[in-house]
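Values reported hereafter were calculated over all heavy atoms of this structure, with side chains retained and with hydrogens, waters and symmetry mates removed.
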Amino acid sequence: MPFSQPTVIRSRRVVLPDGERPADVLIRDGKIAGTAPHGSLTAGEGDLADLGDTALMPGLVDTHVHVNEPGRTEWEGFATATRAAAAGGVTTIVDMPLNSVPPTTTVDGLAVKRRAAERQAWVDLGFWGGAVPGNVADLEPLYRQGVFGFKSFLAPSGVDEFPHVEAAGLEAALAEQARIGALAIIHAEDPSVLAAAPQQPGVHYRDFLASRPAGAEAAAVTRLLDTARRTGARVHVLHVSSAAVLPLLRQAREDGVRVTAETCPHYLTLAAEQVPDGGTAFKCCPPIRDESNRDGLWEALANGEFTAVVSDHSPSTPDLKLLPEYGGSGDFAAAWGGIASLQLGLPAVWTEARRRGHVLADVVRWMSSGPAGLVGLTGTKGAIAAGHDADLVAFDPDDGFAVRASGLHHRNPVTPYAGRTLTGVVRTTWLRGREVDLAARPFGRQLVRPHSRPATPSDRV
């Protein structure tokens, strides 16, 4: 669409906080100045973008992205990850603290991350810190520098420089995060359950699935909730793959535990029955489970039990995925576990959501306003409302496309969605009122947690 910096964007399908309707959206100085009845505004000296029946939505907020730069930039870097984000209608990401070297577990590590991201981001981005064994004293300084909270693993993370926390370490980390008011985000799988599960290498997905049983998630969530009760910490369960944990979360909320949870597009749109032998592009931890389990996740999502649907974008080089088409063995046990889908999350979720009777306003709640609220950006991101950043997406919910590697912007174009036909096409993405033109220079900004006191706030990148 030929509108680079419009003053007014008009659509017969604007997804507003109170629902979808025809409207004009007025933009001033990169912010949404207000909305008005469809056809009532003029652009004055600026441009008017009339989208017709193409929907206008707030930009997505993805709070679970592994960028991996520096240290493993060959897996994914800021330039490629944020290009993929913009192409997929995502206007804000929050980067995970591991897979980069150094990890974001100290103030110095955060500074290295920020320098690496300078002048490379096509969308706005913030950073999570990490809570690992031995760094409790680093948490408050990191929080003051603007990280949005702290991630911990309850089982091995897969990289040596980001070890998991055991019972005493979790207690200490959550107690400190409760003291400073930080959000704890947790990869919840129990290492003792994983160790007891059958470990059968090979190309059959059923063997890998048996090695990461749903009981590992349930046991870890139980331990996390018990610790949260004792410490008073606010906790968020990452990438819930198993519907078996949902009753645990419901009971904890009834008991007054401050707990939220997220799930991911791949758990909502893919199923174990679809994974071919050697299809290691589908491998992630916790794993994609069966169709019945997927139905349970959708039921919980419809009932408001998940705060967010976010990508857990965690790519690697093709050789680490051991893909047969790249000459690899297809061994699920040995392949890197991570799904690359940052660019595809919106159409993937919409394809399945529409089939199940949901509307665009539901998708906005799950993928935009929900994650924005999780990280405290409710007043600036995640909604088409006065005072918010004019982060917007023109989205055609009726068109479709076949996923091809040549159309993907993340560094290594491997994804389990390859060859699938998805419904919903991103036509244009605007960041703070400016069209994101991937042929021009990036103008994303680094974000900090609201009310923090960073040394270099909101640096331009």
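No side-chain heavy atom of Tyr417 sits less than 4.5 Å from a side-chain heavy atom of Pro347. Using a 4.5 Å heavy-atom cutoff, the side chains of Pro318 and Trp336 are not in contact. A heavy-atom distance below 4.5 Å is found between the side chains of Tyr205 and Phe332. Side-chain contact between Leu268 and Leu301: present, with at least one pair of heavy atoms (C-beta onward) separated by less than 4.5 Å. Under the 4.5 Å side-chain criterion, counting only non-hydrogen atoms from C-beta, Leu224 is not in contact with Thr227. Trp75 is listed as a side-chain neighbour of Leu320, based on a closest heavy-atom distance under 4.5 Å. Between Leu60 and Leu346, some side-chain heavy-atom pair lies under the 4.5 Å cut-off. Using a 4.5 Å heavy-atom cutoff, the side chains of Asn412 and Lys321 are not in contact.
The distance from atom OG1 of Thr105 to atom CG of Asp138, rounded to the nearest 0.5 Å, is 6.5 Å. Considering CG of Leu297 and OH of Tyr267, their distance stands at 9.5 Å, rounded to 0.5 Å. Here Asn99 contributes atom CG and Ser316 contributes atom OG; the two are 9.5 Å apart, rounded to the nearest 0.5 Å. Taking CZ of Arg420 as the start and CZ of Arg404 as the end, the distance is 13.0 Å to the nearest 0.5 Å. Distance check: His236 NE2 to Thr307 OG1 gives 6.0 Å after rounding to the nearest 0.5 Å. Taking CG from Leu154 and CG from Leu170, the interatomic distance works out to 5.5 Å, rounded to the nearest 0.5 Å.
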Step-by-step salt bridge (charged side-chain N to carboxylate O under 4.0 Å, His left out) determination, Asp389 to Lys381:
CA-CA 6 Å; Asp389 291 345; Lys381 305 289 187 181; 2.9 Å; yes

Determine, step by step, whether Thr280 and Phe208 satisfy the side chain to side chain contact (heavy atoms under 4.5 Å, CB included) criterion, reporting the C-alpha distance in whole Å, the side-chain angles of both residues, the deciding distance to 0.1 Å, and the verdict.
CA-CA 10 Å; Thr280 49; Phe208 169 66; over 6 Å; no

Verify side chain to side chain contact (heavy atoms under 4.5 Å, CB included) between His66 and Leu98, making sure each step is shown before the conclusion.
CA-CA 7 Å; His66 294 267; Leu98 74 156; 3.5 Å; yes

Assess the residue pair Arg356 and Asp295 against the criterion (salt bridge (charged side-chain N to carboxylate O under 4.0 Å, His left out)); give the C-alpha distance rounded to whole Å, side-chain angles, the decisive distance to 0.1 Å, and a yes or no.
CA-CA 10 Å; Arg356 292 173 180 264; Asp295 289 341; 2.9 Å; yes

Chi angles and distances behind the side chain to side chain contact (heavy atoms under 4.5 Å, CB included) call for Thr428, Val393:
CA-CA 6 Å; Thr428 308; Val393 178; over 6 Å; no

Worked check of side chain to side chain contact (heavy atoms under 4.5 Å, CB included) between Asp190 and Arg223:
CA-CA 9 Å; Asp190 186 275; Arg223 178 157 64 95; 4.1 Å; yes

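The number of heavy-atom neighbours closer than 6.0 Å to CZ of Arg441, taken from other residues, nucleotides and ligands shown, is 12 or below. For Glu325, the CD atom sits in a packed shell: over 12 heavy atoms of surrounding residues, nucleotides or ligands are nearer than 6.0 Å.
Under a 4.0 Å N-O distance rule, the pair Glu74/Arg411 does not qualify as a salt bridge. The pair Arg115-Glu118 does not meet the salt-bridge criterion, since no charged nitrogen lies less than 4.0 angstrom from a carboxylate oxygen. A salt bridge is absent between Glu273 and Arg289: the closest approach of a Lys/Arg side-chain nitrogen to an acidic carboxylate oxygen does not fall below 4.0 angstrom. Taking 4.0 Å as the cut-off between side-chain N and carboxylate O, Asp362 and Arg365 count as a salt-bridged pair.
In this structure, Pro265 and Ser311 approach most closely via the heavy-atom pair CD-CA, 3.9 Å. The two residues Ser368 and Gly59 make their nearest non-hydrogen contact at OG-O, 2.7 Å. The minimum heavy-atom distance between Val375 and Phe148, with the atom names listed, is O-CD2, 3.3 Å. Nearest approach of Leu125 to Ala121, heavy atoms of both residues: CD2-CB, 3.4 Å. Of all heavy-atom pairs between Pro70 and Val112, the closest is CG-CG1, 3.7 Å. Across Val363 and Ala353, no two heavy atoms sit closer than the pair CG2-CB, 4.2 Å.
A donor-acceptor contact shorter than 3.5 Å links the side chain of Gln120 to the backbone of Ala116. Side chain of Asp399 to backbone of Val425: no donor-acceptor contact under 3.5 angstrom is found. Side chain of Thr415 to backbone of Ala340: a donor-acceptor contact under 3.5 angstrom is found. For the pair Thr380 (side chain) and His388 (backbone), a donor-acceptor distance under 3.5 Å is absent. Panel note: side chain Glu176, backbone Leu139; no donor-acceptor pair is recorded below 3.5 Å. Looking at Trp350, its side chain does come within 3.5 Å of a backbone N or O of Pro397 through a donor-acceptor pair. Side-chain atoms of Gln199 come within 3.5 Å of backbone atoms of Leu194 as a donor-acceptor pair (strictly under, hydrogens ignored). A donor-acceptor contact shorter than 3.5 Å is absent between the side chain of Arg449 and the backbone of Gly376. Without hydrogens or angle criteria, Thr80 side chain to Gly77 main chain gives a donor-acceptor distance under 3.5 Å. Checking side-chain atoms of Glu69 against main-chain N and O of Phe78 turns up a donor-acceptor pair under 3.5 Å.
Within the structure, ring pair (Phe, Tyr, Trp, His ring centres under 6.0 Å) contacts touching residues 114-133 (residues at least two apart or in different chains) do not occur. The stretch residues 150-169 participates, sequence neighbours left out, in these side chain to side chain donor-acceptor pair (under 3.5 Å) pairs: Arg72-Glu161.
When the salt bridge (charged side-chain N to carboxylate O under 4.0 Å, His left out) test is applied to Asp396, the partners found at least two apart in sequence or on another chain are Arg427.
Using cut-offs of 30° and 60° on the angle between ring planes, the pair His239 and His187 is perpendicular.
Seen from the ring of Phe443, Arg434 counts as a face-on cation partner, given the 6.0 Å and 45° thresholds.
For the residue pair Ser292 and Asp290, no side-chain donor N or O sits within less than 3.5 Å of a side-chain acceptor on the partner. Counted by atom type alone, Thr429 and Glu435 present zero donor-acceptor pairs between their side chains at under 3.5 Å.
With Lys113 as the partner, the side-chain hydrogen bond (donor to acceptor under 3.5 Å, both in side chains) test is satisfied by one option alone out of Thr104, Asp95, Asp108: Asp95. Results of the side-chain contact (heavy atoms from CB on, under 4.5 Å) test with Pro416 over Ile339, Val275, Thr269 single out Ile339 as the only residue that passes.
Here the two rings, on His313 and His410, have centers that are under 6.0 Å apart.
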